[in-house]
Amino acid sequence: MVRQAVLLAAAILIASPVAAQEQIIYPAQGQSPEQLEQDRFQCYTWARDSSGFDPMAPPVTQTAPPQPGAKQGGTLEGAGVGALAGGAIGGIATGSRKGLGRGLAAGAVTGGILGTVRRDQQPSQEQQARQQWEQQETARYVQARDTYNRAFAACMEGRGYTVR
């Protein structure tokens, strides 16, 4: 399950245009291709160590995805709880068997409706929690990548390159 979440997050991150930006480096002081590669590697190492982000490593999530909860509510469960509550209220309020019976019936109907609504809302709430988790993980990744990119650019510019 965690592996699926990591793969899902990786797919989201790879598809993100912000995460996919590649820096353009120009040797402004006539550096050779060999010098460029050496400087790139040294700046990659420095930026990775400074930012704590490695663009060469596969993306991983920092928190586990939300797990689906046990099924909640339902018509029968709601009707049972509602009948008990309605019967108690009806019996106490009227002090008669008739009030108890009416309370049971009204509570069962109301509880059944509320139980059904609760059960029907659960998948939507779980999907919303999952989407929120994905957005948070994507935002963390984008922020870490941006910090790395700024560190890498600072290093390369310090060595006489133009970085965009």
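What you are looking at is a predicted structure, and each value in this text was computed from that prediction instead of being measured.
Linking Ile, Leu, Val, Met, Phe, Trp and Tyr residues whenever their side-chain heavy atoms come within less than 4.5 Å places Y141 and M56 in a single cluster. By the criterion of side-chain heavy atoms lying less than 4.5 angstrom apart, applied directly or through intervening Ile, Leu, Val, Met, Phe, Trp or Tyr residues, M156 is grouped together with F41 in one hydrophobic cluster.
Not a single donor-acceptor pair under 3.5 Å links the side chain of E137 to the backbone N or O of Q135. Of the possible donor and acceptor atoms, one in the side chain of W133 sits under 3.5 Å from a partner among the backbone N and O of A64.
Between Y148 and F53, the ring planes are tilted. Angles from 30° to 60° get that label.
Among the candidates E134, Q127, Q128, the single residue satisfying the side chain to side chain contact (heavy atoms under 4.5 Å, CB included) test with R130 is E134.
Counted by atom type alone, D54 and Y44 present one or more donor-acceptor pairs between their side chains at under 3.5 Å.
Atom SG of C43 sits about 10.5 Å away from atom CD of Q38, to the nearest 0.5 Å. To the nearest 0.5 Å, atom CZ of residue F152 and atom CZ of residue R40 are 5.0 Å apart. One finds the CD atom of Q42 at 6.0 Å from the CG atom of D39 (value rounded to the nearest 0.5 Å). R159 contributes atom CZ, which lies 10.5 Å from atom CD of Q31 (distance to the nearest 0.5 angstrom). Atom CD of Q136 sits about 7.0 Å away from atom OG1 of T63, to the nearest 0.5 Å.
When every heavy atom of V163 is checked against every heavy atom of E157, the shortest pair comes out as O-OE2, 3.7 Å. The heavy-atom pair separating I25 from Y161 by the smallest distance is CG2-CD2, 3.7 Å.
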